[in-house]
Amino acid sequence: AQKVTQAQTEISVVEKEDVTLDCVYETRDTTYYLFWYKQPPSGELVFLIRRNSFDEQNEISGRYSWNFQKSTSSFNFTITASQVVDSAVYFCALSEPPIQGAQKLVFGQGTRLTINP
Amino acid sequence: GAGVSQSPRYKVAKRGQDVALRCDPISGHVSLFWYQQALGQGPEFLTYFQNEAQLDKSGLPSDRFFAERPEGSVSTLKIQRTQQEDSAVYLCASSPGVAGPWEQFFGPGTRLTVL
């Protein structure tokens with residue numbers, strides 16, 4: 001069965017520091033997709049990124065970057081020069097191969113990130 | 001509307017009451033998902049609709065939980081004889097396609113508290 005582990009329950013840093021959120025996953029499938037979502041206090045999950053299992057190229061989007069390493073089954077997320085607005089709960093998720101089209105997501109427990117001014 | 005909407009945003013029920021939670025997906029989205037998020041946890045899959053067909057209900061925790069999407073758009077999650085362990089945020093998500101890694105767009109959720 002698929003499983004996602006986010007070992008860091010809470011992280012607190014001072015603004016402008018860099019911070020890395022860890023994500024480790026388990027799956028027996030060779031084809032899978034990994035996601036990161038942000039959940040601000042409003043509660044709505046906001047999509048950040050999707051990667052497929054065949055693309056290990058790291059990705060950078062502004063202050064955000066993602067490091068995907070199949071050898072260690074990890075998909076870590078780094079925020080550079082953090083800002084107070086980055087404060088939220090961040091979820092890593094794995095999608096199972098679709099069964100009749102159901103690409104359901106398996107989420108980790110989330111990491112609560114607090115950026116202090 | 002621009003995004004997925006859910007109503008009510010908050011619901012308090014006495015143990016044993018029935019509740020109905022509504023989800024309005026993004027117009028034209030074929031796929032609709034329900035997730036349950038307990039306090040301090042990640043969302044957990046409940047059920048999936050492709051248009052009006054409920055193709056996967058493997059995550060529904062008991063037969064007290066029932067979901068429908070009769071016309072392939074709005075969906076309702078119904079919980080009968082609510083129990084305290086049903087207290088959670090119920091999230092609805094929709095996506096435009098069927099197969100493939102489509103991004104799921106989430107609503108703000110309904111926070112259910114069972115007293």
Side-chain angles (χ1 to χ4, degrees), chain A residues 1-10 21-25 27 29 31-55 68 75 88-113, chain B residues 1-6 8-10 23 26 29-60 67 69 88-112:
Chain A
Q2 277 82 357
K3 183 180 178 182
V4 176
T5 301
Q6 294 179 255
Q8 303 150 310
T9 305
E10 293 191 35
L21 309 181
D22 297 334
C23 173
V24 174
Y25 62 92
T27 179
D29 297 298
T31 302
Y32 53 89
Y33 295 86
L34 296 163
F35 300 77
W36 276 94
Y37 279 86
K38 174 182 179 179
Q39 188 175 43
S42 61
E44 198 165 325
L45 284 161
V46 178
F47 169 83
L48 296 177
I49 191 172
R50 171 186 57 234
R51 299 308 297 250
N52 74 59
S53 54
F54 298 107
D55 182 3
F68 177 27
F75 186 43
V89 180
Y90 290 85
F91 290 97
C92 180
L94 171 70
S95 75
E96 300 181 347
I99 300 173
Q100 298 191 76
Q103 193 98 27
K104 56 190 175 185
L105 297 173
V106 175
F107 286 87
Q109 292 193 317
T111 297
R112 179 177 298 278
L113 176 63
Chain B
V4 178
S5 60
Q6 293 185 245
R9 289 295 312 277
Y10 304 91
C23 172
I26 294 173
H29 277 196
V30 171
S31 294
L32 186 144
F33 302 79
W34 283 98
Y35 292 85
Q36 180 190 58
Q37 185 176 18
L39 187 63
Q41 303 295 316
E44 292 190 356
F45 172 80
L46 293 177
T47 188
Y48 164 72
F49 288 87
Q50 182 180 309
N51 295 308
E52 70 279 1
Q54 188 176 19
L55 299 185
D56 188 344
K57 50 183 180 179
S58 61
L60 295 177
R69 193 187 185 196
V89 175
Y90 291 86
L91 295 167
C92 175
S94 69
S95 67
V98 178
W102 294 99
E103 173 189 345
Q104 293 183 25
F105 296 82
F106 283 81
T110 294
R111 182 178 297 278
L112 172 65

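Because the structure is a prediction, the values reported are computed rather than measured. Letters A, B, ... mirror the listed sequences (proteins, then strands); counts begin at 1.
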Completion exercise
Here the pair of heavy atoms bringing A:Cys92 nearest to A:Val4 is O-CG1, 3.7 Å

Fill in the blank from the handout: Nearest heavy-atom approach of A:Gln2 to A:Leu94 is CG-CD2, 3.1 Å

Fill in the blank from the handout: Honestly, the part of A:Gln6 sitting under 4.5 Å from a heavy atom of chain B is neither

Problem - Top contributor to chain A contacts, counting heavy-atom pairs under 4.5 Å, from B:Ala93, B:Pro43, B:Gly59, B:Ala53 - result: B:Pro43

Handout entry: B:Gln104 portion near chain A, given a 4.5 angstrom heavy-atom threshold
Key = both

Practice task
Against chain B, label A:Tyr37 side chain, backbone, both or neither, depending on which of its atoms sit under 4.5 Å from a heavy atom there.
Solution key: side chain

Exercise for the section: Return the set of residues passing side chain to side chain contact (heavy atoms under 4.5 Å, CB included) with B:Tyr10 (not counting sequence neighbours), or none when no residue passes. Expected result: B:Arg111

Exercise for the section: With sequence neighbours excluded, tell me which residues meet salt bridge (Lys or Arg N to Asp or Glu O under 4.0 Å) with A:Arg51. Expected result: A:Asp55, A:Glu59

Problem - Proximity breakdown for B:Thr47 and chain A, heavy-atom pairs closer than 4.5 Å - result: neither

Exercise for the section: Search all heavy atoms of B:Val4 against all heavy atoms of B:Pro108 and return the closest pair with its distance. Expected result: O-CD, 3.6 Å

Practice task
Below 4.5 Å from any heavy atom of chain A, which atoms of B:Tyr35 appear? Answer side chain, backbone, both or neither.
Solution key: side chain

